[in-house]
There are 2 protein chains.
Amino acid sequence: MDNDMDEPRRRVTIREVAERAGVSMATASRALSGNHPVPPATRARVLRAARDLDYVANAHARALAGGGRKMAAVVVRQVTSPFYAQVAEGVEAEAADRGWLCVVGATGADPQREMEFVQLMREEGARLVILVGGVVEDDAYRERVAHYAQALDASGARLVLCGRPAPDPEIPALVVEFDNEAGARAITGHLLSAGHRRIVFLGGLPGNTALDARVAGYRAALAEHGLGPDAAHVVDCGLGRAAGLRAMGELLKETREFTAVFAGDDMVAAGALRAIADAGLRVPEDVSVVGYNDIPLAEDFNPPLTTVRTPAEELGRAAVRIALRDPGSAAGSHHLLGTHIVVRRSVAPPGAAQAAPS
Amino acid sequence: MDNDMDEPRRRVTIREVAERAGVSMATASRALSGNHPVPPATRARVLRAARDLDYVANAHARALAGGGRKMAAVVVRQVTSPFYAQVAEGVEAEAADRGWLCVVGATGADPQREMEFVQLMREEGARLVILVGGVVEDDAYRERVAHYAQALDASGARLVLCGRPAPDPEIPALVVEFDNEAGARAITGHLLSAGHRRIVFLGGLPGNTALDARVAGYRAALAEHGLGPDAAHVVDCGLGRAAGLRAMGELLKETREFTAVFAGDDMVAAGALRAIADAGLRVPEDVSVVGYNDIPLAEDFNPPLTTVRTPAEELGRAAVRIALRDPGSAAGSHHLLGTHIVVRRSVAPPGAAQAAPS
DNA sequence: TTGAAAGCGCTAACAC
DNA sequence: GTGTTAGCGCTTTCAA
């Protein structure tokens, strides 16, 4: 294979197809794209020639001339996060159903890379860009997103924010997200109903909208059950399995003044579970733990994790569905998707260790 | 937002930037792409104008005129599979490091969708397409891939097969994969060393190259330990958690003539683990189980899974690295990546239940 | 029904 | 150094 990666070789063009079929380029084009009446006989000849030559249209030329392919882009922190992967899969599935091409980009949570990727998508002429995941909502963020929105809108493209706020309701972007506060309130309530009163929230990320909402829901539930504000104990260790593992380990060394932990998401729950086991404690007998998101393997944790189910794939599908529907009504529209608790085996009443030593 | 998705609006062009900067389009182009000497002063003016106008180049026009962006495409079965996600992340990371754009496509294991996607990538002018994952290697497959390879090569693009065979060594494609047989032999050996003699292989998928290789390794290990061919017991239930769950459940109903199970991958191991627990048995005391791939959450299974580590992200990175290196030497080259066992807690000697009832 | 021709936005010769 | 010009491959008026 003497194949120089730097110099793309010439491809078969529509002109060659036309020549072989004995028609003009225009006719060939019409036969190929099929949007213009062409006699069946000629059409067949053209198609035949195209197949013989293994012709594929040059998407760039086509886009330039007007008939561009519709392309959507999803931007996530990382594809290997089960939650993000599901959202991306939802977007890709819904896009594919509509004949759109879908590109996924990973930013590693770096605003710089996010900007570069959005820029790239603008250059490529993406008609829909979907930004996924909570963020710390500071001025830089607001400015960045306002710019994306305005720029995308100026070229007739759409911006949707998944699980992150619009910097301003007036901005040409729409947001689709889960009701984090409600989900957190519900699962905290579940813990409270089981009798827990000292619940620590593990995985705070101050400034991050998704986590802040979860913390707010947690505090609200505590308050609803008549607990004072100092009943709340949130550990701002951030997200991810490693963070959960470390933070839980440290917490266990310092204090055991809690009977349950509410992990910011299922990955930190995974880390917490491991740390608890490493400390020689049992879940749920010694400490109960709940997570957030219900990632596909949450039921395989030890024990199976009680968590909040956020239909991630549906979030992705909804994002494209809503963006493509109602061209007029989209500006600033805000959609909330429901969540629910899935009860498995990581919660028991406090003190269960004595009652049922397994 | 009156923003019609069907009619992309006009974008700022380089001509407008040139006018605003008071230079010709050519000068503007040179200043912007910076590959041609331009006096700092003019350069600054052009850049300024571009920023003021929020200009982004039209990637299609640029590609058409010759300066196309380098684009790589990864094709996987589904993004939500932890293993595939890691491979995709590796490809995307390595591509990004080199300033390439990376597109990921999901096929849902449908050859039809795979073909469409490859076609699409040809149209878009992808210079590198990476097909990931085992397949059933039949004539249809061989023909399909031979066609991809030939077509891609004809336009100067590269095809790499990850974890699937080249239909013919002469074909312009290169393959990068793990040594499935060696990995399977090693982990089967691990089970044998622990004293197991009745090991069932759960998750065969006859015809699938990756699984067949694993089964071959399993059989080879059995033979090496002096066991006859009828010591092998492979259950062809295919891959995935659901398959593992169902197959293991059925197996447990029929017979207990085994002390260990070798799951075709970690997802079927997850299902098997659950089925075993549902049957009231313990792992590893009553039955040992091992998996394949070492997906990120394998250590969170109950119990933590002993499995074969296949560095998936590295597979992805290697695919692009090798494809982009040595333009000449790539044809038919075959690269094998090493794997190793990671020992956790899902294996114990058979009969451990009596010895240590926990 | 079909062909000729004019661009789409950009880059790369090729002058000046 | 900088501008002029000719395409890149395709779609699409506009005539015939």
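Throughout, a chain's letter reflects where its sequence line sits, starting with A, and its residues are numbered from 1.
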Please report the C-alpha distance between V12(A) and D54(A) in whole Å, then the side-chain angles of each, then the deciding distance to 0.1 Å, and finally whether the side-chain contact (heavy atoms from CB on, under 4.5 Å) criterion is met.
CA-CA 8 Å; V12(A) 175; D54(A) 195 18; over 6 Å; no
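- Protein atom NE2 of H36(A) is 13 Å distant from nucleotide atom P of dT11(D), rounded to whole Å.
- Rounded to whole angstrom, the span from the CZ atom of R15(A) across to the P atom of dA4(C) amounts to 10 Å.
- Each of E114(A), R113(A), M121(A) was checked for a side-chain contact (heavy atoms from CB on, under 4.5 Å) with F117(A), and the lone residue meeting it is M121(A).
- OP1 or OP2 of dT2(D) lies within a sub-4.0 Å distance of a side-chain N or O belonging to T42(B).
- Note on A63(A): nothing from the nucleic acid sits closer than 4.0 angstrom, heavy atoms only.
- No contact: S33(A) has no heavy atom under 4.0 Å from any strand.
- Checking the phosphate oxygens (OP1, OP2) of dG3(D), a side-chain nitrogen or oxygen of T27(B) falls inside 4.0 Å.
- Nucleotide dG7(C) holds its C1' atom 17 Å from the CZ atom of R62(A), rounded to whole Å.
- Using a 3.5 Å distance cut-off with no hydrogens or angles, the side chains of E123(A) and H60(B) do not pair a donor with an acceptor.
- The residue R11(B) sits apart from the nucleic acid: no heavy atom pair falls under 4.0 Å.
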Kindly determine whether Q86(A) and T80(B) satisfy side chain to side chain donor-acceptor pair (under 3.5 Å), including the steps that lead there.
CA-CA 6 Å; Q86(A) 279 186 286; T80(B) 44; over 6 Å; no
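- Separating the CD1 atom of I14(B) from the P atom of dG3(D) is a distance of 12 Å, rounded to the nearest angstrom.
- Here dC10(D) presents its P atom at 12 Å from CG of L64(A), a figure rounded to the nearest Å.
- Proximity of S24(A) to the phosphate of dT2(C): no side-chain N or O atom is located under 4.0 Å from OP1 or OP2.
- Regarding R45(A), its CZ atom lies at a distance of 15 Å from the P atom of dT1(C), rounded to whole Å.
- Between dT12(D) and S29(A), no contact under 4.0 Å exists linking OP1 or OP2 to a side-chain N or O.
- When every heavy atom of A59(A) is checked against every heavy atom of R11(A), the shortest pair comes out as N-NH2, 4.3 Å.
- Here the C1' atom of nucleotide dC10(D) and the CE atom of M25(A) are 6 Å apart, to the nearest Å.
- Taking atom CZ on R69(A) and atom P on dC10(D), their separation rounds to 13 Å, with Å as the unit.
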